[in-house]
K.L.:
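Take this structure first; my questions come after.
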2 protein chains.
Amino acid sequence: MSKRTSLKDIAKELNISVSTVSRALRNVGEVSEETRRKVKELAESWKYKPDPLALGLLKNKTGYIGVILPDPVNHYFSTVLHGMNIVAQENGYHLLISYSYDQSVNEQKAIDDFVWARAEGLMICPAIDTIDIRKYQQIGGNGIPLVFVERDIPEMDVPAVITDNYKSMQSLMEFLIGCGYRRIALITNLEYYSVGRICYQAYTDVLKKKRIALRKELIIHGNMSISTSVEAARHLLQLTPIPDAVVVTDDCSAMAVMKVFQEEGLSVPDDIAVTGFNDEPFTSYISPPLTTVSRPGYLMGMKAMELLIETIKKSKSTTDCEKIILESDLVIRNSTIRSPERWTR
Amino acid sequence: MSKRTSLKDIAKELNISVSTVSRALRNVGEVSEETRRKVKELAESWKYKPDPLALGLLKNKTGYIGVILPDPVNHYFSTVLHGMNIVAQENGYHLLISYSYDQSVNEQKAIDDFVWARAEGLMICPAIDTIDIRKYQQIGGNGIPLVFVERDIPEMDVPAVITDNYKSMQSLMEFLIGCGYRRIALITNLEYYSVGRICYQAYTDVLKKKRIALRKELIIHGNMSISTSVEAARHLLQLTPIPDAVVVTDDCSAMAVMKVFQEEGLSVPDDIAVTGFNDEPFTSYISPPLTTVSRPGYLMGMKAMELLIETIKKSKSTTDCEKIILESDLVIRNSTIRSPERWTR
DNA sequence: TTGAAAGCGTTACCAG
DNA sequence: CTGGTAACGCTTTCAA
């Protein structure tokens with residue numbers, strides 16, 4: 001069990017004071033060349049490194065950034081984390097990661113822990129069931145910079161990096177309608193701070209604009225798990241007539257929904273079209289390839305982390321709160337491209 | 001900027017000493033009921049919580065566990081992380097996460113940082129290019145428990161939780177040969193500490209046992225990225241005759257390989273069969289569904305974290321080093337089930 | 001039953 | 001140029 005070398009060890013060995021050693025190592029203050037050289041040599045050979053805990057205690061800085069994401073097992077969030085990690089690493093920060101599993105209580109606990117552990121900044125993707133936003137205010141109250149990522153809370157004066165889901169959904173809906181689809185179903189989560197909520201908004205807005213009746217029975221609220229989506233798909237098949245397209249706000253669920261239809265002997269997209277969200281890698285490999293919205297998760301993570309670190313470094317007050325909205329791309333694939341003759345039926 | 005309340009604050013308010021407050025709060029030592037009550041009340045209302053940094057400095061304990069994984073964007077590793085996180089959370093530990101991106105230098109840096117930050121334990125999936133194992137010995141030298149996960153280094157006396165990839169690959173190969181496949185190609189990474197290396201071993205062993213000639217040209221070394229796998233697939237199509245089956249040691253790559261074949265007008269599995277590894281969710285949705293090996297990532301993460309925390313708590317010496325090997329399942333799907341009449345050609 | 005002091009590893013300030 | 005001291009927040013030992 002090799003002991004860590006401390007300033008004191010070096011000082012003792014060289015018969016000088018701890019303060020001199022400290023100054024010598026940091027190249028500050030007045031230290032004779034001779035002493036400085038000797039100190040540095042010894043420090044080098046003893047592999048001295050300052051103790052982060054002691055430094056943290058003293059300076060109130062830890063080099064940690066607390067990250068709270070909803071779910072570890074989600075490709076899209078993984079790309080976001082990847083982006084955050086790259087930037088954090090470049091800037092010498094370490095990531096403290098916690099997962100809320102989309103439950104506010106877990107998030108609250110993680111926030112408390114991170115604040116208490118003196119994280120220098122917090123990056124949060126708010127849990128989907130968030131209603132009480134005081135927990136976020138408390139963070140600012142403690143003087144810790146906060147940035148929202150992927151999900152914004154507009155009424156809060158907190159910087160955020162998100163993607164333009166409203167616009168994406170709008171494009172998607174307009175595209176589908178342009179194709180000729182009219183009975184368009186929606187499977188989505190509707191929680192207030194979710195992607196799905198915004199998609200729902202765009203969905204209704206576009207229908208209204210295009211003067212297509214909004215049918216309640218075509219809108220299904222789910223939690224975007226495979227099982228509830230499968231159930232939702234089965235439900236849609238009970239309707240007469242069945243929808244001619246189904247918009248699902250998650251690729252995995254869309255894939256599962258598509259499979260339900262195919263197992264029932266329907267052709268996608270000739271009998272019923274399906275779309276997803278996120279453009280996960282598999283979407284171009286399934287059959288038929290999935291029309292979806294490609295979102296820049298990696299870039300979002302990077303931008304958000306840059307914003308957070310910038311805020312930390314300037315120790316800016318949260319007053320100037322930038323909301324960065326990244327563009328997404330509509331990716332059109334065969335799951336919506338119906339053969340012309342099938343439009344006649 | 002609300003200041004954190006410290007023992008000193010409480011002591012000052014109550015006109016008693018810091019040590020008394022400390023004892024009162026922790027229910028140790030002799031403190032009068034009266035004092036204890038008053039202290040606890042005030043601590044409660046001021047939301048006092050001990051400072052983790054100060055405690056860490058004093059006790060050499062931080063409540064952090066350092067985790068080093070190869071890649072944030074990998075479904076399988078995400079499930080492993082999920083398992084680790086659940087167990088860590090239950091036990092009051094926080095995760096410090098770093099990604100090596102499968103490069104030893106990054107791993108080395110992360111180890112140094114974590115050791116220096118007084119992580120109480122380290123959980124590492126060794127970078128694929130690891131050759132120098134001294135970095136791991138150093139960790140033990142610092143008295144910090146270490147557990148390997150997903151990739152073991154057998155020559156080291158370090159606890160590990162892995163899956164039985166040799167056996168899985170053996171089953172897979174025997175299954176394929178049992179089906180009638182004879183020209184079985186292999187696309188895999190061959191780095192020493194990789195899953196692929198072990199698969200390669202099983203591949204050759206089974207061929208030998210079944211007295212099937214080992215053909216060098218059927219073995220392709222790749223890094224399991226989509227692009228190199230696509231290249232590998234194209235290469236295999238140059239051979240005459242082409243292989244009748246291709247074993248790929250990663251689902252994503254297998255999916256890409258399959259697509260190459262299909263785009264060339266070949267039928268999978270009638271012209272050429274394909275198998276993957278990991279049983280990622282999409283594998284049952286692509287066309288044809290992929291034969292693959294289902295590995296218990298979540299369970300592995302949990303077991304590994306349990307092992308690590310147990311070791312931390314007992315502050316066991318690394319002498320009794322348990323190597324836990326979890327079983328995997330062969331999942332047979334249509335990508336290998338060839339119509340009988342196609343065997344006659 | 002309580003308090004003072006030392007110590008964990010570091011930096012900052014002030015004398016010398 | 002150098003050293004001592006206080007401080008960060010806490011626990012522990014010893015003395016009162």
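In the text below, chain A, chain B and the rest are named by the order of the sequence lines, each starting its count at 1.
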K.L.:
Does dT11(C) have its OP1 or OP2 closer than 4.0 Å to a side-chain nitrogen or oxygen of R26(A)?
P.N.:
yes
K.L.:
As a test of reading the structure: which of dC10(D), dA4(C), dC1(D) is closest to the side chain of S6(B), going by heavy atoms?
P.N.:
dC10(D)
K.L.:
Is it the case that the base of dG3(D) and the side chain of R23(A) share a donor-acceptor contact (distance under 3.5 Å, atom types as modelled)?
P.N.:
yes
K.L.:
Report yes or no: is there a donor-acceptor pair, N or O only, under 3.5 Å between the side chain of S17(A) and the base of dG4(D)?
P.N.:
no
K.L.:
Rounded to the nearest angstrom, tell me the gap between atom CG in L14(B) and atom P in dG3(C).
P.N.:
10 Å
K.L.:
Starting at atom CZ of R118(B), determine the distance to atom P of dC8(C), rounded to an integer number of angstrom.
P.N.:
11 Å
K.L.:
Can you tell me how far C1' of dT11(C) sits from NZ of K61(A), to the nearest Å?
P.N.:
13 Å
K.L.:
A side-chain contact here means heavy atoms from C-beta on lying under 4.5 Å apart; do I16(A) and T35(A) qualify?
P.N.:
yes
K.L.:
Mapping L57(B) and T20(B) onto DNA chain C by nearest heavy atom, which one lands closer to the 5' end?
P.N.:
T20(B)
K.L.:
Of all the nucleotides listed (dA12(C), dT2(D), dT10(C)), which has the minimum atom distance to the side chain of P50(A)?
P.N.:
dT10(C)
K.L.:
Rounding to a whole Å, what distance do you find between D51(B):CG and dC8(D):P?
P.N.:
12 Å
K.L.:
Using OP1 and OP2 only, check whether a side-chain N or O of T35(A) sits under 4.0 Å from dT2(D).
P.N.:
yes
K.L.:
What is the distance, rounded to the nearest whole Å, between atom CG of L53(A) and atom C1' of dC10(D)?
P.N.:
12 Å
K.L.:
Nearest of dG9(D), dT10(C), dC1(D) to any side-chain atom of E30(A)?
P.N.:
dC1(D)
K.L.:
Look at K61(B) together with E120(B) and state whether they make a salt bridge at an N to O cut-off of under 4.0 Å.
P.N.:
no
K.L.:
Considering only side-chain heavy atoms of L55(B), which listed nucleotide, dG9(C), dT2(C), dT11(D), is closest?
P.N.:
dT11(D)
K.L.:
Would you mind reading off the distance between K8(A) atom NZ and dT5(D) atom C1', rounded to a whole angstrom?
P.N.:
14 Å
K.L.:
For V31(B) and for N60(B), find the nucleotide of DNA chain C with the closest heavy atom, then tell me which residue's nucleotide is more 5'.
P.N.:
V31(B)
K.L.:
Report the distance from atom CG of L58(B) to atom C1' of dC8(C), rounded to the nearest whole Å.
P.N.:
6 Å
K.L.:
Looking only at N and O atoms, is any donor in the side chain of S19(B) or the base of dA4(C) less than 3.5 Å from an acceptor on the other one?
P.N.:
yes
K.L.:
Answer with yes or no after comparing the ring centroid distance for Y99(A) and F77(A) against a 6.0 Å cut-off, counting only values under it.
P.N.:
no
K.L.:
Rounded to the nearest 0.5 Å, what's the gap from CD on Q108(A) to CD on Q138(A)? Could you check?
P.N.:
6.0 Å
K.L.:
Could you walk me through whether I139(B) and I124(B) satisfy the side chain to side chain contact (heavy atoms under 4.5 Å, CB included) test, starting with their C-alpha distance in whole Å, then the side-chain angles of each, then the deciding distance to 0.1 Å, before giving a yes or no?
P.N.:
CA-CA 11 Å; I139(B) 300 171; I124(B) 302 183; 3.9 Å; yes
K.L.:
How many whole angstroms separate atom NZ of K59(B) from atom C1' of dT11(D)?
P.N.:
6 Å
